Amino acid sequence: MLSMDKQTTILPRQIMARPIVVIKYLLIGLIITLLSGCATYQQEVHKGLSLAHHGDWKDAESQFKSALDKPQDKLLYYLEAGALAQNQGDYKRSNQLLAKADILSDTFFQENFKNRAWALLSNPRQGDYRGNGFERVYISYLKSLNYLALAQQATQPIKKRQLQDAALVEARRIDNKLNEIQAQEPSYKELDAKENQAFYLKALDWLSGFYTRGHNDKYLYRDDAWARYLEGIQYEQSKDYDDARISYQQAAKLYESGYAKQYGLSNITAERAWLDTIRMMRKGGDWSQDDINRLIRQKLSPEMQKTLKDYQKGDGELIVLENEGFVPAKSELSLQLYADPNAYSLVLAPLLANGDNQQNDAFRWFTMVYADVNPLNLIANYKAGGPWGAFGGVFTKRVILGPAVWKQLKRAHLDTLLTQQFIRITVPYYPRFTLDHHTPQISLNGSDIQTTSIRMSSLSDIALQEQLSNAQRDIYESLVRELLRSWLAFRIANSVHDDTAKLILSLVGQVAVFTSSAADTRNWLTLPAQIRLTRIPLHPGDYTPQYRINNKDFSHDKIVIKPDNITLWNLRNPY
């Protein structure tokens, strides 16, 4: 009887303990899986990027293939591999890879519940990489350059024309994509969380105001002057001079109306585009000399007018597009989330180490993007901490919820969660970067020539501002994600009645949530940091061009310049 009693008392405890043990090991397994996956990804990407920086394109592609072998990274793999194949001169394969990327960049806008739910419960790195507006545009940009390179290699006139037309098709697709740059963001309302659906809706309601107030339109990628200028080059190459004039003129107006200023480009970009507009007016023959002279006086400086005179009837032209460097890689900024009941608000403060340059950049990003500098938050900080509290708001971000929402938060026991647990919020950011400002030197047949190279586009600045425009969305989604994950771990721990088991499970849950918190730092890393343009009018003949920049030499095989023809040198400078 004694043994029977022992069995009847011990067996229920064993049964109760099993789910605890299972959940414990599931949480530990989650930590190991996520941390090892992130570590492997970072290491492999770093290796691939290091090889690319040295111009080892083929080995770099192999490393990226290893790093991006997960289903959620399929789009990113095609982007990286497509760019690296172009750098190897494998233009057909590059277009095949980029075509697959083009399809995925559209289909990923509608995401399924399973993918989004797993990303929500783990971290956004586990979700499908969707790309952004300017990456979608530059898929067509690279494809058009591939077709132009293939056209120059073609020996049959019909084939050459077909490839030039294919390049123009991609240029026109850029126009369509620029109208769709406001990509649809996935909504948490699409999630069907069943038991916890009410929590999602409350979290959205609490934080939606914070999200919408932070959006800044001035950083949006709304158009691309350089892409339109490239379209002009392609029309000119095809001798469609009126269409070329329209494209050059669109680019000129964009550069001077704000594009150059937004991305830190020189005003000479607009002048160069106006110069080419004027050249197309001359070649088209439908414009009076008075109209042309008036535009020359209005738009061209004396130096640019001198450049215009270098173009003589019957000359050909060499165009060098230097795609230099690489767009910066994103880093991760960690924040601590805690509650301030006295001010009915949530507070975010950066978690930073001392002395490290990257940590200094992270703090600068936080103060630039998130810190409390608006009047309402300054007042709330003053009420919470007096004059020092108002000043301290420079180092924090306050999400004001108000008394009514705070009551809902208390009913969900989130106030207890926020005071008892350390909740980590992670968001992506860009460290500081410096563009190369060296002046290139070009020689033809061994002799240096005097010419001007112009930085026409800075993809690094576009990427930076794209991240700035999405910064509030990122912190909004991270807040919802980490509150949900912490709340679920909190509920699981509190559902256990054994104090020791509850303590262990609570600790394991907190560690799992804390260590697996991550930001989505993925981006298309093999895009160039900047694009420099050099246009050289030349008499018909044979030339062997060399390009020297920052003590690095690049050479091209012999080219044949024909009357009224353009030869394009798409130069990839990894240094």
Side-chain angles (χ1 to χ4, degrees), residues 26-27 30-31 33-35 37-38 115-127 185-188 191 193 196-211 214 330-340 345-352 362 365-366 369-370 396-401 405-406 408-410 412-429 470-494 505-521:
L26 282 174
L27 290 171
L30 178 65
I31 298 171
T33 301
L34 294 175
L35 293 183
C38 291
N115 182 269
R116 287 296 295 151
W118 173 240
L120 183 66
L121 292 173
S122 53
N123 64 57
R125 173 71 180 81
Q126 305 303 313
E185 298 297 340
S187 171
Y188 288 110
L191 298 177
N196 297 315
Q197 187 176 19
F199 177 82
Y200 298 149
L201 298 177
K202 287 180 181 178
L204 281 168
D205 183 54
W206 296 337
L207 300 173
S208 60
F210 162 64
Y211 171 48
K330 293 180 185 178
S331 293
E332 192 176 81
L333 170 61
S334 294
L335 310 167
Q336 178 188 358
L337 174 66
Y338 60 91
D340 186 353
S345 58
L346 306 177
V347 181
L348 289 158
L351 294 170
L352 303 172
W365 182 275
F366 177 82
V369 179
Y370 298 122
T396 60
K397 172 64 187 175
R398 183 176 296 272
V399 185
I400 303 173
L401 302 177
V405 173
W406 195 261
Q408 296 181 44
L409 187 146
K410 289 183 72 174
H413 304 293
L414 278 171
D415 59 332
T416 305
L417 167 68
L418 290 164
T419 54
Q420 291 184 358
Q421 292 190 13
F422 188 95
I423 298 180
R424 176 180 168 223
I425 306 295
T426 50
V427 291
Y429 79 98
N470 292 328
Q472 301 299 337
R473 180 207 66 186
D474 290 333
I475 200 168
Y476 163 77
E477 290 188 350
S478 185
L479 272 169
V480 173
R481 179 172 57 252
E482 299 309 326
L483 278 173
L484 171 63
R485 285 158 23 98
S486 298
W487 182 67
L488 289 174
F490 182 75
R491 280 189 59 183
I492 291 170
N494 280 275
L505 192 57
S506 177
L507 179 61
V508 171
Q510 289 181 49
V511 171
V513 172
F514 179 85
T515 54
S516 61
S517 176
D520 194 348
T521 56

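Everything numeric here is computed off the predicted structure, so don't read it as measured data.
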Validation row: [X], [Y] side chains within 4.5 angstrom (heavy atoms):
| X | Y | value |
| --- | --- | --- |
| V427 | W365 | no |
| V399 | S345 | no |
| Q472 | V369 | yes |

Calculate, to the nearest 0.5 Å, the distance between atoms CG and OG1 belonging to L333 and T426 respectively.
-> 9.0 Å

With side chain to side chain contact (heavy atoms under 4.5 Å, CB included) as the test, would you mind laying out the steps for L346 and W406 before giving the verdict?
-> CA-CA 10 Å; L346 306 177; W406 195 261; 4.3 Å; yes

Would you say [X]'s side chain and [Y]'s backbone share a donor-acceptor pair under 3.5 angstrom?
| X | Y | value |
| --- | --- | --- |
| Q336 | V347 | no |
| E482 | I425 | no |
| Y370 | A471 | yes |
| T521 | K330 | no |

side-chain contact (heavy atoms from CB on, under 4.5 Å), paired with L335, selected from L348, L351, L479 | L348

Scanning both residues in full, the closest heavy-atom pair of E332 with A519 reads OE2-N, 2.8 Å

